[in-house]
Amino acid sequence: MLKFTAEHEWLKLEDGVATVGITQHAADQLGDLVFVELPDVGAELTKDGNAATVESVKAASDVYCPLDGEVTEVNQAIVDDPSLVNSDPQGGAWFFKLKLKNVADADGLMDEAAYKELIA
Amino acid sequence: MSSAESARNLEAFLDDHSALKQTPLHALHLSLAGKMVPFAGYDMPVQYPAGVLKEHLHTRAAAGLFDVSHMGQVRITAASGTYEDAAVALEALVPVDILGLKPCRQRYGFFTADNGGILDDLMIANRGDHLFVVVNASCKKADLAHMQANMPGCSVTLFDDRALLALQGPRAEAVLAELWPDVTTMKFMDVRDATILDAECIVSRSGYSGEDGFEISVPADKAEALAKALLDHPDCQPIGLGARDSLRLEAGLCLYGNDIDATTSPIEASLEWAIQKVRRSGGERAGGYPGAARVEEDLQSGPVRRRVGLKPEGKAPVRAHAALFAEDSPESPIGEVTSGTFGPTAEGPVAMGYVPASLSAPGTRVFAEVRGKYLPLTVTALPFITPTYKR
């Protein structure tokens with residue numbers, strides 16, 4: 001199941017674990033990324049708290065945690081090559097995996113149609 | 001978002017932007033899909049569709065065209081009609097040798113305050129019988145008032161009917177030569193009159209990127225035709241203010257308001273190279289400008305702090321206003337980063353900032369606080385790139 005936030009993150013939900021990344025729209029707005037900082041594996045994150053930082057030449061931007069949970073895995077590939085986030089934001093350039101505290105919380109997020117309407 | 005909300009946001013947007021001034025190239029920026037932002041009271045392109053990173057690299061590889069028409073272009077003419085009288089009058093405001101500047105040459109300088117701080121930095125050109133200076137957009141009103149009040153016997157006029165284009169990069173000469181072949185005879189910091197596409201231009205071989213290049217003052221009504229003709233060259237791309245900032249930072253050049261301001265003395269800012277011998281203690285025209293005592297004291301005894309290049313050891317950019325520390329702890333604050341970004345050509349983060357003189361030697365390790373962490377940086381000689389000025 002694919003969900004979206006108003007902060008331009010996507011979540012792919014599988015067995016109570018959400019793979020989280022930023023949307024194509026967000027990547028386009030940010031421009032070419034030159035630096036990515038990801039949370040530590042094992043970190044307990046809360047909804048709307050800072051989860052990651054992305055930087056372009058121009059500015060640093062925060063990536064917020066979409067739901068409460070624990071980080072189980074991070075994508076080192078985008079740390080090593082931040083340009084992957086620009087080329088494949090909704091595929092290989094995921095940010096981190098989050099074991100959700102309450103799986104039902106995801107129901108409150110947008111589906112793809114609602115997100116597309118938001119950015120239209 | 002509701003439609004009522006959208007309408008309100010649109011109104012707010014129009015309000016914000018309608019208050020902004022436009023340069024003569026505004027329509028061209030929109031036609032090139034420039035991303036417009038407010039800058040120093042103007043609606044300016046921060047980037048074009050290529051984006052800051054590619055625009056930066058293109059400028060260093062080929063040629064980039066920048067609209068810098070927001071900057072103040074000022075003509076200073078003495079009542080006597082001689083260059084010398086205008087030069088002497090300006091020397092009362094800047095610690096720079098203006099009288100010794102040869103015709104058709106320009107140099108860098110700054111207006112100083114009574115406390116020795118910097119009111120603005122500027123380029124100053126000898127135009128034979130008058131001076132032509134270019135000042136920062138954010139300071140131009142104050143600079144104009146300052147010159148008009150303190151240069152008695154001089155007429156100080158803002159050219160608000162001229163645009164200013166910067167053409168920068170290793171292919172800049174070849175691009176401009178298509179329209180004006182004489183450009184090849186100019187050297188770094190030369191200033192010439194040139195008729196380009198029927199427009200009476202003032203061309204200087206200078207810029208703000210660390211590359212060879214030109215700044216072209218052109219009548220407002222002919223600016224778009226000139227910009228389009230330059231952009232017609234396959235090596236020339238439009239470049240926004242975003243890349244202008246990363247280019248100048250790699251080149252170690254100061255941004256007024258960030259790296260220098262009314263609280264920084266020229267010597268603290270490591271700009272003593274711009275104060276010629278003739279204006280220093282023992283020189284023929286020593287002192288005689290605001291804050292001369294402070295500047296002399298800094299020259300004699302050395303300043304308390306220094307602007308230095310800072311190379312973060314890791315990959316994280318360290319940006320303006322990051323606090324600097326002697327150790328990786330909050331107990332040892334020593335200064336602040338004044339400019340910082342990722343340098344596309346340096347292929348890593350680059351920064352500038354102020355540190356105590358005792359910690360200003362290249363190779364010294366300091367720390368910056370970034371998101372609660374203390375990241376190591378090395379004090380580094382500026383610039384971060386090798387400039388390609390045609391001397």
Side-chain angles (χ1 to χ4, degrees), chain A residues 4-8 22 24-40 43 45 49-65 71 74-87 89 93 95-96 110 113-120, chain B residues 1-3 5-6 33-35 37 39 44-60 239-250 312 314-322 337 339-351 368 370-373 375 384:
Chain A
F4 293 84
T5 73
E7 282 75 40
H8 310 289
I22 66 170
Q24 182 75 54
H25 174 78
D28 292 347
Q29 293 296 311
L30 290 165
D32 292 309
L33 294 184
V34 295
F35 177 76
V36 174
E37 190 170 72
L38 295 174
D40 294 329
L45 301 181
N50 277 359
T53 302
V54 293
E55 303 205 26
S56 66
V57 174
K58 193 91 191 91
S61 307
D62 293 321
V63 176
Y64 301 108
C65 193
V71 177
V74 297
N75 187 1
Q76 183 63 30
I78 64 169
V79 174
D80 296 337
D81 181 4
S83 74
L84 292 174
V85 180
N86 295 103
S87 55
F95 276 52
F96 54 89
M110 279 179 272
Y115 179 70
K116 278 187 170 159
E117 202 166 305
L118 177 80
I119 60 171
Chain B
M1 194 187 295
S2 72
S3 57
E5 241 175 331
S6 303
K35 184 175 172 187
V37 299
F39 183 82
M44 298 296 286
V46 65
Q47 64 177 73
Y48 297 90
V52 178
L53 186 75
K54 291 180 187 78
E55 289 171 27
H56 177 117
L57 294 171
H58 182 85
T59 304
R60 293 234 189 277
I239 312 294
L241 293 179
R244 183 169 161 83
D245 190 52
S246 54
L247 287 160
R248 69 90 195 166
L249 176 47
E250 282 186 341
K315 288 169 77 174
V318 178
R319 299 191 186 266
H321 309 302
V337 170
S339 286
T341 186
F342 177 90
T345 305
E347 296 184 325
V350 291
V370 177
R371 295 183 286 273
K373 291 178 190 158
L375 307 181
F384 294 102

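Every chain is numbered from 1, with letters handed out A, B, ... down the list of sequences. Given the structure is predicted, the values throughout are model-derived calculations rather than measurements.
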J.: State whether the side chain of B:Glu250 and the backbone N or O of B:Ala346 hold a donor-acceptor pair below 3.5 Å, judged by distance alone.
T.: yes

J.: Under a 4.5 Å cutoff for heavy-atom pairs, which residue among A:Gly31, A:Ala59, A:Ser56, A:Pro82 has the most contacts with chain B?
T.: A:Ala59

J.: Among B:Asp245, B:Leu53, B:Thr341, which residue forms the greatest number of heavy-atom pairs with chain A at distances under 4.5 Å?
T.: B:Leu53

J.: Check each atom of B:Ala320 against the heavy atoms of chain A and say whether the ones under 4.5 Å are side chain, backbone, both or neither.
T.: neither

J.: Side chain, backbone, both or neither: which part of B:Lys54 has a heavy atom under 4.5 Å from chain A?
T.: both

J.: Could you tell me whether the side chain of A:Asp62 reaches within less than 4.5 Å of the side chain of A:Val54, counting heavy atoms only?
T.: no

J.: When only pairs under 4.5 Å are counted, which of B:Pro317, B:Gly348, B:Gly343, B:Ala243 shares the most heavy-atom pairs with chain A?
T.: B:Pro317

J.: Ignoring hydrogens and angles, tell me if any N or O in the side chain of B:Glu55 forms a donor-acceptor pair with the backbone of B:Gln47 under 3.5 Å.
T.: no

J.: Less than 4.0 angstrom from a charged side-chain N to a carboxylate O is my criterion; do A:Glu37 and B:Lys315 meet it?
T.: no

J.: Look at the aromatic rings of A:Tyr115 and A:Phe4 and report parallel, tilted or perpendicular, splitting at 30° and 60°.
T.: parallel

